[in-house]
Amino acid sequence: MEEVKHRTQGQNESIGLYLSVMSNLFARFTHKISDAKQLKILMKNILPFYQTQLGLVEITSIPQLLKLGVIQKSNSAWSSPILMVPKKDGSLRFCVDFRKINQVIEKDAYPLPYISNTLDKLRNAQYLSSLDIKSAYWQIPLHPDSQPYTAFTTLKNHLVAAPVLSCPDFSKTFTIQCDASDYGIGAALTQEFDDGEKVICYLSQSLSRQQRKFSTTEKECLAVLWAIEKLRPYVEGSHFKVITDHYSLLWLRKLQNPSGRLARWSVRLQQYDFEIIHRKGKEHLVPDALSRAVPVVETVAIIPETPSTDKWYNKLLESIQRHPIRYPKFRIEDQLLYKAVDTKNEYGFPEQQGKWKIVVPKDKRIEILHQHHDIPTSGHLGVYKTFHRLATKYYWPKMKSDVASYIRKCQACIKSKPEQRTKAGEMGGHSQISAPWEVISIDLVGPLPRSSKGYNHILVVVDLFSKFSLCFPLRKATASKVVEHLENDVFLLFGVPRKIVSDK
């Protein structure tokens, strides 16, 4: 600093002129090193991997980096995690964790020069300075073939990370934003807080094949009905708002003589206290994205090209065709047999998606169980959730037991899932025994091959002090027969014990 104070006016002017001439070397947000050699990444023979959560992720730098052209949007199969690393001055440095990428690339070695050789080249230099290149790492362009390997993801984590999702405040008004697309419906539950609007939860669901045939108004109305009934624990008994981008729904509750599907839905909505607010589609982004971010789920074809081999199904189908009045809970539509079934969802509430379920013949049940349990979008769920997923669309006798039997034999579930049943109880230790027939142990053996006199079980009684054993044959292993032998053949001869040990 002393040298700076004692510099002459000429020296200051010379330094200023030099800095102005070389200004392109200093930090300019639009600056790039245009003649830098493109870096190409050579990958080993390995499949893409996806990121895991790592550290604190900030996306405030993303718009600036996009504007500068440092990054661009990508649909690469590769994805590395990002994090913000604190600098010495307290600011944050945007970093991408390429450690996984570095493990699978072919490395190039560049020798570093000795510092003594660098200093020897300075020779008669009068001024020495150190220049910190602004974001030097960003100045080296990547070869187009290597750009997919450096992709990273930020949006998915921040959809569900605080402060995006908030806890509900039941003293404030809830708002349901809903929308429908050609193949899905979506909704978001929000509330207004002092620091702005906060999301409580997101919802989305695929439309069935029948629902995709609805008109636009019917799909939008279905989205409203579905969202309200799904969020019933939040909004029931209080006034709330429903925001939609479909203007026609404003007159939904004002129909004078409603009929058909809309009339039934209107009646189901009358129990709720809400007002419908219209919002332009270009401002209705969140529910619109949710309605389009769902997979199209096709219903498994029940009627094969050849007639079903299930005698029960064919006989029932024939009887309904001959005498439809005798079967009010059945109907035939598009060559499919339907039955009216009142079901409850996995939370115990009545299912509101319609009570008409497709009746499935035996020769199609395994295929449907496979589609709703084994495929990647089904997730190998347990018996309870798989059954309720099936019960929303299908019906056949003893469906729950068939689901349980199918899942018990699923090899993927056997290998990867822990045992859910409660561990069998142990007999436990015995207290101090000081006399014969103070404590006895009883158990049943069988069923065994039936004897000529009709016996197929054996009641075994053991004195735990002397290990003396008694065996009694039984024709029926019932509680009354066991008590009868204990009273007549044990208690009357040896006395009533202080304790009886049994695994029943």
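Note that these values count all heavy atoms, side chains included, but never hydrogens, waters or copies made by symmetry. On a predicted model such as this, the values are computed, not experimentally measured, just so you know.
Not a single side chain to side chain donor-acceptor pair (under 3.5 Å) links Tyr234 to another residue, sequence neighbours left out. For His239, there are no ring pair (Phe, Tyr, Trp, His ring centres under 6.0 Å) partners, not counting sequence neighbours. For Asp310, there are no side chain to side chain donor-acceptor pair (under 3.5 Å) partners two or more places apart in sequence or in a different chain. Residues forming a side chain to side chain donor-acceptor pair (under 3.5 Å) with Gln321 (at least two apart in sequence, or on another chain): none. Partners of Tyr338 according to the side chain to side chain donor-acceptor pair (under 3.5 Å) rule, which considers only residues two or more places apart in sequence or in another chain, do not exist here.
Listed for the Thr175 side chain is no donor-acceptor partner under 3.5 Å among the backbone atoms of Lys241. Under the 3.5 Å distance criterion, the side-chain polar atoms of His284 are matched with a main-chain donor or acceptor of Cys178.
Annotation: side chain of Tyr272 is in contact with side chain of Arg232 (closest heavy-atom distance under 4.5 Å). Here the side chains of Asp179 and Val286 are not in contact, with every heavy-atom distance at 4.5 Å or above.
In this structure, His388 has its ring center under 6.0 Å from that of Tyr384.
Contacts classified as salt bridge (Lys or Arg N to Asp or Glu O under 4.0 Å) and involving residues 321-331 (residues at least two apart or in different chains) are given here: Glu318-Arg322, Arg331-Glu333.
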For Glu197 and Gln177, run side-chain hydrogen bond (donor to acceptor under 3.5 Å, both in side chains): C-alpha distance rounded to whole Å, both residues' side-chain angles, the deciding distance at 0.1 Å, then the answer.
CA-CA 12 Å; Glu197 187 180 39; Gln177 305 177 24; 3.0 Å; yes

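Classified by interplanar angle (parallel below 30°, tilted 30° to 60°, perpendicular above 60°), the ring pair Tyr406/His373 is perpendicular.
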